[in-house]
Amino acid sequence: EDVVASLREAGNLVLWGPLEESKRKNPSAEEIVARFAHEINAKAPQRRSVVLTLGATRSAIDDIRHIQNTSSGATGWSIASHLYKHGHDVTCVAGITTAPQPSWLPLVINTPSPEAMLNECKALANDAIEAWIHVAAVLDYVVETPAKGKLASEQGPLTVPLIESPKHIVELKGVCEGAVRIGFKLESGIKQTDLIHRAFAQIQRADMTAVIANRLEDLVRNDKPRGYLVDRQGAHFVLETEQDLCTAVQTLVERESGA
């Protein structure tokens with residue numbers, strides 16, 4: 001421990017692997033590469049402080065049941081890891097995820113509900129955050145009044161009143177002035193032209209830098225693009241692969257002033 005402390009005090013990066021059988025194992029090759037890349041690239045110009053939301057959110061029906069939208073968190077983790085490897089200071093605000101979380105990400109804050117996620121983002125906005133990336137699948141509707149305990153089963157039809165949930169990108173508009181703001185828009189069963197129009201409307205409504213739009217049915221097809229990047233002028237650009245998506249986000253984060 002003394003040797004490690006001395007090395008770190010001298011400015012060296014020391015990586016510990018997981019503790020197994022009372023011994024420290026070597027980190028995985030992927031983690032070594034990720035951390036080494038971050039250390040090198042963090043010295044490059046235009047490195048930003050980034051907050052990225054990801055994963056699904058849920059709303060309680062009672063103490064046992066809940067409603068939840070669909071998101072594995074895979075795209076969010078991929079973007080966060082990409083930005084981290086390129087030297088950016090990345091904070092993740094994560095909802096419910098099923099995709100593996102990269103172990104090298106420095107700060108992941110777990111927020112399973114839309115309310116918790118929004119509150120955490122508002123708290124983080126008190127710091128000098130330079131870029132916001134909203135990948136999370138936030139519930140548009142939440143349970144109006146969750147029941148205490150567990151609702152009894154075999155009681156016939158159950159009606160659960162839902163109310164609109166605040167739009168995070170709109171709620172954060174006033175506290176993110178001057179920052180790069182990238183949103184994600186997932187639709188289903190609409191034409192590509194309508195998808196682009198809805199993404200542009202989101203940019204105008206919430207003062208976003210750009211929105212990445214895609215259709216649910218396209219995500220399982222290899223012959224369809226990974227998504228479309230829509231900018232403030234309404235122009236759109238095809239993102240063929242997830243790597244293209246990550247690179248596009250990186251370019252916006254490093255290039256844009258947000259204003």
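Numbering starts at 1 and runs along the sequence shown.
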Discussion item. My understanding is that only residues two or more places apart in sequence, or in another chain, count here; which of them pass ring-ring contact (aromatic ring centres under 6.0 Å, His included) with H88?
Written reply: none

Item to complete: Could you grab the distance from atom CG of L216 to atom OG1 of T70, nearest 0.5 Å is fine?
Response: 7.5 Å

Item to complete: Quick one: do R205 and K173 satisfy side-chain contact (heavy atoms from CB on, under 4.5 Å)? Show the steps, please.
Response: CA-CA 9 Å; R205 179 186 179 193; K173 177 180 176 180; over 6 Å; no

Worksheet item: Given side chains that start at C-beta, do those of T57 and N69 come closer than 4.5 Å, heavy atoms only?
Response: yes

Discussion item. I need the I133 CD1 to T53 OG1 distance, nearest 0.5 Å.
Written reply: 9.0 Å

Discussion item. Any side-chain to backbone donor/acceptor pair from Q250 onto L83? Under 3.5 Å, distance only.
Written reply: no

Worksheet item: So which residues get pulled into F36's cluster when ILVMFWY side chains under 4.5 Å apart are joined, directly or through others?
Response: I40

Discussion item. Under a 3.5 Å distance rule, please check whether S78 uses its side chain to pair with a backbone N or O of A74 as donor and acceptor.
Written reply: no

Discussion item. If hydrophobic clusters are built by linking Ile, Leu, Val, Met, Phe, Trp and Tyr wherever their side-chain heavy atoms come under 4.5 Å apart, do L239 and L219 end up in the same one?
Written reply: no

Practice prompt. Give, for atom CD1 of I79 and atom CD of E242, the distance between the pair rounded to the nearest 0.5 Å.
Written response: 7.0 Å

Discussion item. Is it the case that over 12 heavy atoms from other parts of the model lie below 6.0 angstrom from the CG atom of D223?
Written reply: yes

Worksheet item: Do side-chain atoms of H38 reach the backbone of K85 as a donor and acceptor pair under 3.5 angstrom?
Response: no

Worksheet entry | From CA spacing to verdict: side-chain contact (heavy atoms from CB on, under 4.5 Å), F184, V211 | CA-CA 5 Å; F184 276 66; V211 166; 5.9 Å; no

Fill in: I212 side, atom CD1; N214 side, atom CG - distance, nearest 0.5 Å
8.5 Å

Discussion item. Could you work out, with ring-ring contact (aromatic ring centres under 6.0 Å, His included) as the rule, every residue matching H236, not counting sequence neighbours?
Written reply: none

Practice prompt. Look at the side chain of E217 and the backbone N and O of G189, then say whether any donor-acceptor pair between them is shorter than 3.5 Å.
Written response: yes

Fill in: Minimum heavy-atom distance C92-L54, with the two atoms named
CB-CD2, 3.9 Å

Discussion item. Let me confirm one number: the CG-OH distance from L52 to Y84, rounded to the nearest 0.5 Å.
Written reply: 15.0 Å

Discussion item. Distance check, rounded to the nearest 0.5 Å: L229 atom CG versus L252 atom CG?
Written reply: 5.5 Å

Enumerate donor-acceptor pairs with a distance under 3.5 Å from any side-chain N or O in residues 99-113 to protein atoms, sequence neighbours excluded.
from : atom 1 : to   : atom 2 : distance (Å)
S103 : OG     : E31  : OE1    : 2.9
W104 : NE1    : S81  : OG     : 3.0
T111 : OG1    : A94  : O      : 3.4
S113 : OG     : E115 : OE1    : 3.4
S113 : OG     : A116 : N      : 3.1

Practice prompt. Give a yes or no on whether the backbone of M208 and the side-chain of R232 come within a donor-acceptor separation of less than 3.5 Å.
Written response: yes

Practice prompt. Check whether any side-chain N or O of S188 sits under 3.5 Å from a backbone N or O of R215 as a donor-acceptor pair, and report yes or no.
Written response: no

Practice prompt. Can you establish whether the number of heavy atoms outside D194 located under 6.0 Å from its atom CG is more than 12?
Written response: yes

Worksheet item: So, for E240 and V238, which heavy atoms are closest and what is the spacing to 0.1 Å?
Response: OE2-CG1, 3.6 Å

Worksheet entry | Among H86, R48, R47, Q46, side-chain hydrogen bond (donor to acceptor under 3.5 Å, both in side chains) partner for E254 | R47

Item to complete: I would like to know whether Q243 and R226 meet side-chain contact (heavy atoms from CB on, under 4.5 Å); could you show each step before the answer?
Response: CA-CA 9 Å; Q243 181 62 43; R226 181 60 182 80; over 6 Å; no

Discussion item. Between T241 and D244, is the side chain to side chain donor-acceptor pair (under 3.5 Å) condition met? List the steps.
Written reply: CA-CA 5 Å; T241 67; D244 293 338; 3.3 Å; yes

Worksheet item: How far apart are the closest heavy atoms of L172 and C121, and which atoms are they?
Response: CD1-CB, 3.8 Å

Worksheet item: If you look at every heavy atom in I203 and D231, which pair is closest and at what distance?
Response: CD1-O, 3.4 Å

In a table with atom names and distances, give each donor-acceptor pair under 3.5 Å that connects a side chain of residues 195-202 to protein atoms at least two apart or in another chain.
from : atom 1 : to   : atom 2 : distance (Å)
H197 : ND1    : T193 : O      : 3.3
R198 : NH1    : E187 : OE1    : 3.2

Listing, residues 143-169 side-chain donor-acceptor contacts under 3.5 Å, not counting sequence neighbours, or none:
from : atom 1 : to   : atom 2 : distance (Å)
Q155 : NE2    : S153 : O      : 3.2
K167 : NZ     : D140 : OD1    : 2.7
H168 : NE2    : P114 : O      : 3.1

Item to complete: Give a yes or no on whether the backbone of A37 and the side-chain of N41 come within a donor-acceptor separation of less than 3.5 Å.
Response: yes

Item to complete: Ignoring hydrogens and angles, tell me if any N or O in the side chain of D62 forms a donor-acceptor pair with the backbone of I64 under 3.5 Å.
Response: yes

Worksheet item: Does some side-chain heavy atom of V50 sit less than 4.5 Å from a side-chain heavy atom of T91?
Response: no

Practice prompt. Run the numbers on C176 and I129 for side-chain contact (heavy atoms from CB on, under 4.5 Å), then give the verdict.
Written response: CA-CA 8 Å; C176 299; I129 305 301; over 6 Å; no

Practice prompt. Flag yes if V249 and W77 sit in one hydrophobic cluster, no otherwise; membership is Ile, Leu, Val, Met, Phe, Trp, Tyr, and two members link when side-chain heavy atoms are under 4.5 Å apart.
Written response: yes

